[in-house]
Amino acid sequence: MTAQHPEPSPRPAALPGDLRASHDDREAVVEQLRDAAAEGRIDLDELDARLEQALTSKTHNELAVLTADLPKPPSPASQPPLVVTGGTFGASRGPERWEVPGHVIAHGGVGGVKLDFTRVDCRLKEVAVEAYGEVSGVTIVIPDTWAADTSGTDPGFGGLTDKTTPDRLPGTPLIRLTGSGGAGGVVIRHPNRRERRKLDSNSLKS
């Protein structure tokens, strides 16, 4: 008669704080510690010690200890949306560095709007962009490593042109595009040749 072996008991689910931290989780804590040092909340010796611990932390609990006595950074969801209106003469954000909130609203107006994300440092998992082409349209330029979801956009009369690729690098934002093409249309794409040359030139200078 074959001996019956007891079924192995299921492994208990990990508590949220015991979950393994990702590279992005560690980098977010590193940025928070550097900001705290710049504000005079911790001195440089303490900064070095905490940075070393942050880079070697394996769980969320280990990271949480390092920032427990620091103010929590504002959540992107709590920030008001950035509204860019083309008006009569047009408007743009980028290609110089600019602070990207979690929600951007672009109205093409008569002059048109261009949103260029190619030089921003954005750690958000998603950026919601509402684009309304209106008369002259909205153009959105994203890095090659970013991807976009345009399924929530109404093409309108001007249409929606999506020239992006799905090759999203882990840790980069997803642009979730909604709105309407209106008469001027909405275009979302990666940099063109001229923009790439300018990006390469700026990278050599920096």
Side-chain angles (χ1 to χ4, degrees), residues 22-35 37-38 51 54-55 73 76 79 81-87 89-134 136-153 155 158-179 181 184-206:
S22 68
H23 291 304
D24 287 345
D25 295 328
R26 284 186 281 270
E27 281 298 319
V29 170
V30 165
E31 288 299 316
Q32 187 178 354
L33 292 172
R34 286 175 175 162
D35 289 343
L51 287 178
L55 294 172
Q79 299 178 13
L82 170 65
V83 181
V84 184
T85 304
F89 302 104
S92 65
R93 285 292 184 277
E96 69 281 350
R97 297 188 185 279
W98 54 288
E99 185 176 353
V100 180
H103 190 184
V104 182
I105 303 173
H107 292 277
V110 177
V113 165
K114 183 176 182 181
L115 301 175
D116 190 334
F117 294 88
T118 53
R119 295 196 66 200
V120 302
D121 182 15
C122 180
R123 299 187 180 279
L124 301 174
K125 293 182 179 179
E126 285 191 10
V127 177
V129 178
E130 290 182 54
Y132 301 96
E134 297 176 351
S136 292
V138 174
T139 298
I140 303 161
V141 185
I142 64 175
D144 294 322
T145 54
W146 294 21
D149 177 2
T150 62
S151 60
T153 307
L160 167 67
T161 303
D162 182 357
K163 295 183 178 180
T164 63
T165 65
D167 303 327
R168 180 184 176 193
L169 187 70
T172 61
L174 172 72
I175 297 293
R176 195 170 295 281
L177 185 64
T178 58
V186 173
V187 176
I188 183 165
R189 58 176 174 79
H190 298 300
N192 58 30
R193 290 183 180 179
R194 180 181 59 81
E195 291 162 340
R196 288 182 195 280
R197 286 197 298 269
K198 191 169 183 180
L199 284 169
D200 292 340
S201 174
N202 288 333
S203 64
L204 291 174
K205 293 176 183 177
S206 59

Between R168 and D149, does any NZ, NE, NH1 or NH2 come within less than 4.0 Å of an OD or OE carboxylate oxygen? no
Nearest non-hydrogen partners of [X] and [Y], listed with the distance:
X	Y	value
A131	V138	CB-CG1, 4.0 Å
S136	G112	CB-N, 3.5 Å
P101	L82	CG-CB, 3.7 Å
G181	V186	CA-CG2, 3.9 Å
A106	V113	CB-CG1, 3.9 Å

Take L51 and V30 through the side-chain contact (heavy atoms from CB on, under 4.5 Å) test and state the conclusion after the steps. CA-CA 6 Å; L51 287 178; V30 165; 3.8 Å; yes
Evaluate V104 against R93 for side-chain contact (heavy atoms from CB on, under 4.5 Å), listing each step before the verdict. CA-CA 11 Å; V104 182; R93 285 292 184 277; over 6 Å; no
Can you measure from [atom1] ([X]) to [atom2] ([Y]) and round to the nearest 0.5 angstrom?
X	Y	atom1	atom2	result
L55	R26	CG	CZ	8.0 Å
N192	R197	CG	CZ	8.5 Å
E126	T172	CD	OG1	11.5 Å
I175	D162	CD1	CG	11.5 Å
R193	R196	CZ	CZ	10.0 Å
I188	T150	CD1	OG1	7.5 Å

Keeping [X] on the side-chain end and [Y] on the backbone end, is there a donor-acceptor pair under 3.5 Å?
X	Y	result
T145	L169	no
D35	Q32	no
E130	I105	no

We want to know whether E195 and H190 form a side-chain donor-acceptor pair, criterion being a heavy-atom distance below 3.5 angstrom.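 Result is no, nothing qualifies.
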Sub-4.5 Å side-chain heavy-atom contact between F117 and P173: no
Looking at side-chain heavy atoms only, is the closest gap between R189 and V141 below 4.5 Å?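 Contact flag for R189/V141 side chains = yes.
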Over 60° means perpendicular and under 30° means parallel, so classify the ring planes of H107 and Y132, tilted if in between. parallel
Using the rule side-chain contact (heavy atoms from CB on, under 4.5 Å), only one of T178, I142, L115 pairs with V129; which is it? L115
Would you find more than 12 non-hydrogen atoms of other residues, nucleotides or ligands less than 6.0 Å from E96 atom CD?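 More than 12 within 6.0 Å, yes.
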